[in-house]
Amino acid sequence: MHTIKELFDKQKKASQQGILLPLKHRKDLLRRLRNVLRNNLSLLEEAILKDFGKSAFETYATELALIFEEIRINLENLEDWAAVRKVPHGLAHFPGRSRIYPEPFGNVLIIGAWNYPYQLSLAPAVPALAAGNCVIVKPSELAPHTSAAMARIINEHFSPEVFHVVEGAIEETQYLLSLPFDKIFFTGSTRVGKIVMKAAAENLIPVTLELGGKSPCIVLPGANLSMAAKRITWGKFLNAGQTCIAPDYLLIHTRIKDEFLQKMVFQIEKLLGPDPVNSESYVKIINERNFNRLLSLIDPSKIYYGGKTNAAERYIEPTLLTDINWDDPIMQDEIFGPLLPVIEFEDIHDVISKLQTLPRPLALYLFTASRKQQKEVINKLKFGGGCINDTIMHIANPYLPFGGIGPSGMGAYHGEEGFRTFTHYKSVMHKGTWFEPPVKYPPYSKLKLRLIKLLMG
Ligand code: NAD
């Protein structure tokens with residue numbers, strides 16, 4: 001812990017000295033990060049393959065591409081986002097002008113989750129650095145090879161007072177959480193999110209919490225069912241369901257259930273083969289604890305498709321479960337694995353009423369051709385973000401702020417929203433000294449009251 005404290009003190013001093021105030025310095029850091037990642041692609045791919053068997057394609061498409069996109073958009077817009085803004089300065093404040101100065105918070109702690117280990121640790125670091133903060137990143141210990149790879153390449157190429165990776169598990173994280181950072185950005189479970197927020201409250205540190213939850217996926221009659229089956233299959237079984245915004249469960253209209261499930265089976269076999277254990281495009285479960293947790297959620301009497309498992313490989317076949325009720329164990333917590341429970345309904349209004357009673361999810365997906373139904377669901381349900389007629393892809397557009405609501409998180413990032421998340425907007429009124437209207441000073445009078453009402457009302 002001694003070395004963590006020394007590192008923290010070094011970064012504190014550096015941020016107090018304004019080491020990252022020049023935009024040129026920040027841009028250099030972003031370009032260096034892009035080069036370091038590009039030059040170490042094979043090291044990053046090998047590490048993630050060891051942690052959970054993710055292919056080079058997926059590593060690029062679902063991890064590195066998002067980081068590169070963040071770097072690009074920050075480099076392109078930094079001058080604009082970081083510019084001092086003039087705001088209106090009413091007559092009551094005459095003489096003078098009002099300005100907003102975007103400034104770095106100072107020292108930022110980013111705590112990552114293991115399921116997209118590069119993206120979740122480094123994508124928030126991009127706007128944090130672009131906004132001029134000194135940054136410590138703590139990746140998840142559950143993906144030890146990727147954590148070590150990030151520590152190696154970042155710590156080799158960046159000076160510790162501006163950007164450093166600290167590896168560690170709960171003890172190290174709790175120590176980091178006891179330090180007076182100026183901003184904490186956490187990605188992980190709702191349970192640990194509460195621990196982070198409690199710790200941050202001790203020092204009144206602002207937090208952004210990117211958490212999880214049960215994200216519903218609704219399919220209505222009239223939707224393009226073949227397309228829906230393909231996009232839901234991809235979104236659910238990507239990373240073997242270990243995706244914070246994966247469709248957690250399927251709500252399907254009774255009339256189209258059979259046809260749709262057959263289409264899903266067709267897509268599973270088309271995308272991952274009849275035996276996905278052999279597919280290089282299908283990853284394993286991160287550890288034994290999660291493997292056993294998922295196993296306990298499979299009720300053999302409810303398996304519609306799949307259900308095969310292999311403990312030695314930590315493999316669970318893409319599995320569809322039918323005849324599911326809201327009270328079933330699988331419907332109680334986020335699944336975070338390749339199991340898709342299917343609940344039937346006859347009236348979308350019953351679904352909306354039910355979802356209104358449940359914790360607000362990180363994502364929601366709706367498949368329908370009806371604009372009216374799209375509008376109704378968007379207006380009546382609260383959720384972090386989502387897609388109409390697709391899954392997952394909203395995360396990949398940096399012009400859409402990404403974050404949860406309620407138990408699925410608070411705050412957001414990606415694109416400009418990321419820059420705002422790591423920026424304090426300092427408001428300053430500059431007053432002229434050549435004139436001072438007497439109206440605000442006592443003794444007060446009826447005339448002054450009339451004047452103030454005229455100026456400020
Ligand atoms: P987790 O909450 O177990 O761990 C996240 C981080 O917290 C890790 O770095 C870990 O070291 C640390 N941590 C764990 N226990 C701690 C404790 N007691 N005190 C202090 N720190 C502690 O989450 P996970 O298993 O890595 O990830 C899975 C969860 O994350 C899922 O719920 C998923 O939905 C969510 N998630 C959310 C997003 C998002 O962007 N909203 C992205 C990915 C994952």
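This is a predicted model, so every value here is computed, not measured. As the structure lists them, so they are numbered: ligands from 1, and atoms in each ligand from 1.
- Closest heavy-atom approach to atom 40 (O) of ligand 1 among the candidates Phe186, Phe402, Trp114, Tyr413: Phe402.
- Considering Ser189, Ser140, Pro117, Pro124 only, the shortest heavy-atom separation from atom 29 (C) of ligand 1 involves Ser189.
- Ranked by closest heavy atom to atom 11 (O) of ligand 1, the top entry among Glu334, Arg191, Glu141, Gln174 is Glu141.
- Residue-level proximity to ligand 1 for Thr187 is carried by backbone and side chain together, each with a heavy atom below 4.0 angstrom.
- For the ligand labelled ligand 1, residue Tyr116 lies outside the 4.0 Å heavy-atom shell.
- Between Tyr413 and Phe185, the ring center distance clears the sub-6.0 Å criterion.
- Close approach of ligand 1 to Phe336 is summarised as follows: ligand atoms under 4.0 Å from at least one heavy atom of the residue are 28 (C), 31 (C), 33 (C), 34 (O).
- A salt bridge is defined here as a Lys NZ or Arg NE, NH1 or NH2 lying under 4.0 Å from an Asp or Glu carboxylate O, and Lys27 with Glu79 meets this definition.
- Remark: among candidates Val192, Ile245, Asp333, Ile286, the nearest residue to atom 22 (C) of ligand 1 is Val192, based on non-hydrogen atoms.
- Contacts between Asn115 and ligand 1, counted as non-hydrogen atom pairs separated by less than 4.0 Å, involve the side chain only.
- For the ligand labelled ligand 1, residue Gly112 lies inside the 4.0 Å heavy-atom shell.
- A centroid separation of 6.0 Å or more is found between the aromatic rings of Tyr425 and Trp81.
- Using a cut-off of 4.0 Å between Lys/Arg side-chain N and Asp/Glu carboxylate O, Lys236 and Asp248 are scored as not salt-bridged.
- Contact annotation: for Thr243 versus ligand 1, there are no heavy atoms closer than 4.0 Å.
- Comment: Lys426 engages Glu103 in a salt bridge, judged by a side-chain N to carboxylate O separation of less than 4.0 angstrom.
- Geometrically, ligand 1 and Leu211 share a nitrogen or oxygen pair separated by less than 3.5 Å.
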Assess whether side-chain contact (heavy atoms from CB on, under 4.5 Å) is satisfied between Met410 and Met197, documenting all intermediate values. CA-CA 11 Å; Met410 64 180 69; Met197 198 164 168; 3.7 Å; yes
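- Closest to atom 38 (C) of ligand 1 by heavy atom, among Ala363, Gly188, Cys244, is Cys244.
- The ligand atoms of ligand 1 that sit less than 4.0 angstrom from a heavy atom of Leu362 are 41 (N).
- For Phe181 and Phe8, the distance between ring centers is under 6.0 angstrom.
- Protein heavy atoms are absent from the space less than 4.0 angstrom from atom 4 (O) of ligand 1.
- A salt bridge between Lys10 and Glu161 is absent, with no side-chain N of the basic residue lying under 4.0 Å from a carboxylate O of the acidic one.
- Under the 6.0 Å cut-off for aromatic ring centres, Phe158 and His164 do not qualify, their centroids lying 6.0 Å or more apart.
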